[in-house]
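Numbered from 1 within each chain, the chains take letters A, B, ... in sequence-line order.
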Amino acid sequence: MESSSELGFPINGDVKPKIASKRPLLGESTKVEGDDDEALFSVYLSAVASRELVPATNKQPRSDDMVRVSSSDDVFYRSLVRRTRITYDSLRYLIASEERQLPPGHRRRADLVAGARMKRLGLWLHRDKRIIGSIPGVAVGDIFFYRVELMTVAVHGHIQGGIDYVCPRGSDGRFPVATSVVLSGGYEDNDDRGDVIIYTGSGGRKKNEVSLTAPQRLSRGNLALEMSKENGIELRVVRGFTFDRSPSGRVYVYDGLYKVIDSWPDPGKSGFGVYKFKLLRITGQEPMGSVILQTAMDLKTKILKSRLNGYLSIDMSNGLERSPISLFNDIDCDKEPLLFEYVVRPVYPSIVFQETMEMRRRNGCRCIENCSPRCACAKRNGGEFPYDSIGLLLRGKPLIYECGTSCRCPASCPNRVSQKGVRHRLEVFRSKTTGWGVRSLDVVRAGEFICEFSGKVRTEDQWEAVNSKGGSLVYPSLFPGRWREWGDISDVVADYKPPGFTSSDLNFALDVSKKRNVACYLSHSMSPNVFVQMVLYDHYNEKFPHLMVFAMENIPPMRELSIDYGIEMDSFAC
DNA sequence: GATTACTCAAGCAA
DNA sequence: CTTGCTTGAGTAAT
């Protein structure tokens with residue numbers, strides 16, 4: 001099993017990393033209602049009290065056992081990574097909202113606290129091995145918003161440090177090997193040309209300063225890069241950018257594996273000596289995520305020449321969607337998506353809306369301004385709003401009640417999200433592997449609404465007629481409840497109550513034979529990156545909810561969106 | 001083993 | 001909306 005490195009120290013191959021075990025939880029949950037001084041003070045006290053529950057020591061040293069992992073079980077590892085990241089992000093959000101209740105000066109950084117708590121609970125991945133090469137379940141192009149997030153899934157081990165390395169067991173600390181580097185714009189001598197990077201070693205800088213104040217030394221990370229060069233060992237590369245649609249203002253893109261092919265001492269721009277390392281990207285990998293990110297941003301202002309002859313339509317919704325849906329095919333002559341009537345919303349039979357005016361008046365809320373947690377719509381959602389202030393879905397539920405046509409609150413009410421329609425620049429595109437597919441030209445944040453399934457609503461007695469004519473139906477009851485995974489923090493919060501099951505069976509199907517929209521082009525996957533959340537807003541008939549599609553992870557531009565239809569691959573026609 | 005030096009964060013106020 | 005200041009966590013080295 002051992003593929004020995006040229007270094008003389010073993011790097012194991014094909015070892016299945018052990019999955020972190022769950023440990024008992026410390027109860028620490030400070031819920032806040034109201035914002036008067038007394039409440040604030042009690043929150044402060046309870047928060048301080050909860051901090052004392054945290055053990056002072058949290059020593060869980062990293063392993064020095066190097067391993068290469070070939071991911072034989074992609075679905076498993078992808079799910080594991082996603083679950084870890086959902087837990088991290090949900091916990092970070094929870095902690096951030098708790099900390100905001102504290103007076104300034106007493107707030108802790110939610111990104112760090114969330115990471116620390118997960119580490120304490122044994123929820124960081126791959127702590128028992130140091131992985132050389134790619135991390136199973138992490139794909140080239142994956143995007144992260146926090147350095148700590150990179151640590152939880154073992155892509156990079158330092159909260160600030162740019163070079164991560166391991167000293168192999170028995171090497172007496174003299175032969176460190178680099179595992180990953182982060183290019184974040186902190187060194188003036190760096191030169192990033194994509195496939196080739198001239199990377200400056202670390203050190204010689206004062207805290208937070210760009211220019212050097214002392215020469216660098218060939219030790220620690222710098223020595224590790226030197227050793228990696230001599231032994232031809234690959235390392236992971238992450239690039240950091242400023243990005244205004246990130247909660248941290250930064251985005252970190254995993255750009256795949258590189259090798260150090262050259263190194264030399266250099267005078268450096270500041271006059272203090274630096275070490276430089278030439279990194280070359282290993283060929284045969286997926287395209288670089290940071291390049292795609294940059295290209296997608298360029299596409300905001302112009303249609304790139306290279307893509308010009310692929311467009312079948314700039315907007316296949318013909319202006320019906322709030323954001324245009326482009327149609328792209330540079331593979332063959334298929335124009336199938338142009339042959340249908342584009343409808344933005346499902347076409348309901350009139351019985352769905354058969355409610356008396358009195359019922360509608362009772363159902364809607366009467367808030368004049370933005371709704372409060374006490375309003376009728378919040379109560380219907382279990383006393384809380386399903387979205388945060390920028391429209392991110394906080395937690396999947398069997399059914400969400402958005403404020404709707406019967407409510408008096410303004411269109412700006414934060415409980416109106418999916419009803420407003422598509423916000424990202426979506427594209428239906430021809431793919432060699434999945435036929436037609438859907439992707440976004442914008443970054444889609446985890447929890448963001450993407451689109452709704454439209455089509456003609458058919459009741460059960462009509463299905464057979466549609467099928468016999470060769471029509472296509474989407475069955476809502478088959479979607480396997482992936483919404484349960486979204487916002488699930490049962491791993492870190494002791495009193496987490498899992499959401500209930502959908503009570504009523506959904507006995508309708510969406511007939512997308514003639515009328516359809518972008519959603520029915522979503523590909524099927526057992527390891528999906530989007531999921532369906534049922535929503536009501538324009539009627540209160542729970543048997544006919546809207547099928548709203550949300551992102552269950554951060555999706556980089558141009559990556560295909562995929563959903564779990566709960567069906568066998570080949571039985572799906574659309 | 002406890003302590004310290006080191007680090008291409010991140011939040012916030014000005 | 002940049003800039004500087006402050007507080008930081010985890011790791012490897014001491």
Side-chain angles (χ1 to χ4, degrees), chain A residues 51 54-64 88 92 95-97 99-100 102-120 124 127 130 144-152 154-169 171-192 197-214 216-217 219-225 236-244 246-253 255 268 274-277 279 290:
Chain A
R51 281 171 204 190
V54 179
T57 56
N58 185 20
K59 296 273 178 185
Q60 297 178 33
R62 289 202 291 181
S63 165
D64 56 1
Y88 176 77
R92 185 188 59 75
I95 291 168
S97 50
E99 294 293 317
R100 268 197 299 277
L102 300 174
H106 295 271
R107 295 173 189 162
R108 296 169 302 171
R109 276 173 54 179
D111 61 316
L112 302 180
V113 177
R117 193 185 300 186
M118 283 180 67
K119 185 184 169 203
R120 211 166 54 238
W124 286 20
R127 293 290 292 183
R130 295 295 299 274
F144 302 79
F145 291 137
Y146 287 90
R147 288 287 290 261
V148 178
E149 205 181 354
L150 291 166
M151 301 173 80
T152 62
V155 169
H156 188 80
H158 296 285
I159 203 163
Q160 288 192 309
I163 308 170
D164 198 10
Y165 60 98
V166 54
C167 290
R169 189 175 301 163
S171 77
D172 205 22
R174 286 173 299 144
F175 300 104
V177 171
T179 54
S180 55
V181 295
V182 176
L183 285 82
S184 206
Y187 282 84
E188 58 185 4
D189 291 302
N190 275 355
D191 183 8
D192 184 2
I197 303 164
I198 307 300
Y199 190 84
T200 313
S202 64
R205 284 191 334 171
K206 275 197 180 146
K207 212 174 189 175
N208 300 328
E209 281 186 18
V210 175
S211 48
L212 275 71
T213 51
Q216 296 185 340
R217 291 179 302 163
S219 63
R220 296 168 176 257
N222 299 349
L223 183 58
L225 285 170
R236 299 179 288 273
V237 168
V238 175
R239 284 184 172 84
F241 304 94
T242 58
F243 183 65
D244 55 10
S246 154
S248 68
R250 309 266 304 156
V251 64
Y252 297 95
V253 186
D255 269 338
V274 296
Y275 283 94
K276 290 202 168 179
F277 301 92
L279 275 53
S290 55

Under 3.5 Å: donor-acceptor pair, side chain of A:Q216, backbone of A:G203: yes

By side chain to side chain contact (heavy atoms under 4.5 Å, CB included) - contacts of A:M151 (at least two apart): A:W124, A:I159

For atom CG of A:L150 and atom P of C:dA9, their distance in whole Å: 18 Å

Touch class at under 4.0 angstrom, heavy-atom based, for A:L183 against every strand present: base

Along DNA chain B (nearest heavy atom to each residue), the more 5'-positioned of A:R250 and A:R217: A:R217

Earlier contact from the 5' end, DNA chain C, for A:S63 and A:V113: A:V113

Side-chain donor/acceptor contact of A:Q160 with base of C:dG8 under 3.5 Å: yes

Atom-to-atom span, CZ of A:F175 to P of C:dA12 - whole angstrom: 18 Å

Qualifying residues under side-chain hydrogen bond (donor to acceptor under 3.5 Å, both in side chains), relative to A:S248, sequence neighbours excluded: A:S246

Non-hydrogen side-chain atoms of A:I95 and A:R117 separated by less than 4.5 Å: yes

Nearest-Å distance for atom pair OH/C1', residues A:Y88 and B:dA10: 10 Å

Below 4.0 Å: OP1/OP2 of B:dA9 and any side-chain N or O of A:Y252: yes

Between C1' of B:dA9 and CZ of A:F145, the distance in whole Å: 16 Å

Contiguous Watson-Crick or G-U pair runs (3 or more, under 3.5 Å) in DNA chain C: B:2-7 with C:9-14, B:9-14 with C:2-7

Which atom of A:P168 lies closest to which atom of A:F175, heavy atoms considered: CD-O, 3.0 Å

Residue A:R62, side-chain heavy atoms: nucleotide from B:dC8, C:dA12, C:dG10 that is nearest: C:dA12

Touch class at under 4.0 angstrom, heavy-atom based, for A:G203 against every strand present: sugar-phosphate

Sugar-phosphate, base or nothing in reach of A:L112, heavy atoms under 4.0 Å: sugar-phosphate

Sugar-phosphate, base or nothing in reach of A:D164, heavy atoms under 4.0 Å: nothing

Phosphate OP1/OP2 of B:dA10: any A:R147 side-chain N/O under 4.0 Å: no

Any A:S202 side-chain nitrogen or oxygen under 4.0 Å from OP1 or OP2 of B:dC6: no

A:S184 and A:R147: side chain donor to acceptor below 3.5 Å: no

Nucleotide of C:dA13, B:dC8, C:dG10 approaching A:R220 most closely (side-chain heavy atoms): C:dA13

For A:A178 against A:Y165, the heavy-atom pair lying closest together: CA-CB, 3.8 Å

Could you write out each protein N or O paired with an N or O of nucleotides 11-14 of chain B at a distance under 3.5 Å?
unit_1: B:dG11; atom_1: OP1; unit_2: A:Y146; atom_2: OH; d: 3.2

Separation of C:dG8 P from A:I95 CD1 (nearest whole Å): 15 Å

Gap between atoms NE2 and C1', on A:H156 and C:dA9 respectively (whole Å): 13 Å

A:K119 side-chain proximity, nearest of C:dG10, B:dC8, C:dA13: C:dG10

Side-chain heavy atoms of A:Y146 within contact of A:R92, under 4.5 Å: yes

Touch class at under 4.0 angstrom, heavy-atom based, for A:F241 against every strand present: nothing

Sequence neighbours excluded - salt bridge (charged side-chain N to carboxylate O under 4.0 Å, His left out) pairs with any residue from residues 154-165 of chain A: A:R62-A:D164, A:R130-A:D164

Given C:dG10, C:dA12, B:dC8, the nucleotide with the shortest approach to the side chain of A:M151: C:dG10

Partner of A:R239 by side-chain contact (heavy atoms from CB on, under 4.5 Å), out of A:V182, A:V181, A:I197: A:I197

Side chain to side chain contact (heavy atoms under 4.5 Å, CB included) involving A:S202 - partner list, sequence neighbours excluded: A:I163, A:Y187, A:N222

